[in-house]
K.L.:
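I have a structure here, written as C-alpha cells, and I will follow up with some questions on it.
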Amino acid sequence: MQRTTLTLLAFLANLVLAVTSSCTTDPVLINGGVPEEPGANQGEPPVPGPPCTDNTISFKEQILPIMIASCGYSGCHSQESREDGVVLVDYASIRREVRPGDPNDSDLYESITETGDDIMPPRPAAALSTSQRNAIRDWIRQGANETDCAVPCTPENINFSADIQPLIQDYCAGCHGNNHQDGGVNLSSHAEILRYVADGSLVGSMEHAISFLPMPPAAVRMPACKVLQVKNWIAAGAPNN
Ligand code: HEC
C-alpha cells in the first residue's frame, strides 16, 4: 500500500475513533487466513470470530448445517414453527441456546445428550452422531463464535459409511429421515439414496442445478468438495461400502 494511502487511512481511523470505538481492532482472519473466492461476501462485513487454528470448529461448515438439517426445519425449530419458543436457524438464534465455554450449562448441548425422553431431536428421529455431538461440544467450549474456518476435505476414495452417510446426516437428515420426509424424500438408507442417485436429483439439488430444488433449502450451501465426494462416489458405482 502507498504511504500516502496509509496516512489517509490513519487519519480516517482517528476520525472514526472520535465517534465510536468499535472499528479499532486489527482485521480478523477468517477462513484460516485462506483468501475468500472473488466476490464472496461482497458488501458484507467480515464474519466476526477469532483466527482459525487446526482444531477450531467451523460454525459455518460444521455447526450450522447440523442445526438446520436436524433441528431448524418446519414443524420443529424453524423461524415459523419455533417449538418451545426455540429457533435454531442462524448464528444469533443458536447462540441464544448456549453458554460459551460451558457445554454442560448450555441448553443446546444438554438437549442433544439427554438420556431420557427429552432428548433432541425427539424420537423416533435418530439421535445426533457422536462426532456431531462432539463438534457441538467443542464449538461451545471454544467460545461459541461465528467461526468460518476451512475444514479439511478430500474428494477421493469415497466410502458410503465413512463419507456419504455422515454428509447426508450433517446436511439432510432431519428433513429427509425416517420420521420426517419433506417432499416425500427419504435419504435414510443406501437403498433409498440410490433412488435419488438414479433420477439425478441428489447431485442436482446439492449443486443447485436448474430444474432441481436447491438443497439444503436454507442459508447453507454444501462446500464444493463435499459435492465432489458425492459425485465421485456415484462415478465409482455408488457402492454400499
Ligand atoms: C431444512 C429442511 C431440509 C433439508 C436440510 C434438506 N431438504 Fe431436501 N427438501 C426439503 C423440502 C421442504 C422439500 C420439498 C420442497 C417442495 O416440494 O417444494 C425437499 C425436497 C427435496 C428433493 C426433491 C426435490 C427435487 O428437486 O427433486 C430432493 C432430491 C432433496 N430434497 C434432497 C435433499 C438433499 C440431498 C439434502 C441434503 C444435502 C436436503 N434435501 C436437505 C427440505 C429439506
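Counting starts at 1 for both ligands and their atoms, in listed order. By convention here, the first residue in the shown sequence is residue 1.
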K.L.:
Write out all pairs satisfying salt bridge (charged side-chain N to carboxylate O under 4.0 Å, His left out) with one or both partners inside residues 230-241, taking only residues at least two apart or from two chains.
P.N.:
Glu207-Lys231
K.L.:
Which of these, Ile168, Asp182, Val230, Leu202, has its nearest heavy atom closest to atom 35 (C) of ligand 1?
P.N.:
Leu202
K.L.:
Atoms of ligand 1 less than 4.0 Å from Tyr73 heavy atoms?
P.N.:
1 (C), 2 (C)
K.L.:
Heavy-atom distances under 4.0 Å decide this one: backbone, side chain, both or neither, for Leu213 against ligand 1?
P.N.:
both
K.L.:
State the atoms of ligand 1, each with its element, that fall below the 4.0 Å cut-off from a heavy-atom position in Pro216.
P.N.:
5 (C), 41 (C)
K.L.:
Is atom 8 (Fe) of ligand 1 less than 2.8 Å from at least one N/O/S atom of Met215?
P.N.:
yes
K.L.:
Report, in ascending order of atom number, the atoms of ligand 1 lying under 4.0 Å from any heavy atom of Ser201.
P.N.:
27 (O), 29 (C)
K.L.:
Counting only pairs under 3.5 Å, give me each side-chain donor-acceptor contact of residues 116-125, with atom names and distances, residues two or more places apart or in other chains.
P.N.:
none

K.L.:
Under 4.0 Å from a heavy atom of Gly183: give me the atoms of ligand 1 that qualify, with their elements.
P.N.:
14 (C)
K.L.:
May I ask you to list the atoms of ligand 1 that are less than 4.0 angstrom from any heavy atom of Met222?
P.N.:
38 (C)
K.L.:
Does ligand 1 have any atom sitting under 4.0 Å from a heavy atom of Leu187?
P.N.:
yes
K.L.:
Give a yes or no on whether His176 keeps an N, O or S atom under 2.8 Å from atom 8 (Fe) of ligand 1.
P.N.:
yes
K.L.:
Would you call Leu202 and Leu187 a side-chain contact if the rule is heavy atoms closer than 4.5 Å?
P.N.:
yes
K.L.:
Between Ser74, Cys76, Cys172, flag the one that comes closest to atom 36 (C) of ligand 1 by a heavy atom.
P.N.:
Cys172
K.L.:
Can you list the atoms of ligand 1 that are under 4.0 Å from a heavy atom of Ser205?
P.N.:
32 (C), 35 (C)
K.L.:
Pick one of side chain, backbone, both or neither for how Ser78 approaches ligand 1, counting any non-hydrogen atom pair under 4.0 Å.
P.N.:
neither
K.L.:
Which of parallel (below 30°), tilted (30 to 60°) and perpendicular (above 60°) describes Phe160 and Trp233?
P.N.:
parallel
K.L.:
Hey, which atoms in ligand 1 end up nearer than 4.0 Å to a heavy atom of Ala69?
P.N.:
5 (C)
K.L.:
Taking His176 for the side chain and Ser188 for the main chain, is one N or O donor matched with an acceptor at less than 3.5 Å?
P.N.:
no
K.L.:
With a 4.5 Å heavy-atom cut-off, do Gln229 and Cys153 have their side chains touching?
P.N.:
yes
K.L.:
I need the minimum non-hydrogen distance between Ser74 and His180, along with the two atoms involved.
P.N.:
O-CE1, 3.4 Å
K.L.:
Measure SG to SG for Cys149 and Cys52 and state whether it is below 2.5 Å.
P.N.:
yes
K.L.:
Within the side chain of Ser205, is there an N or O that forms a donor-acceptor pair under 3.5 Å with the backbone of Pro214?
P.N.:
no
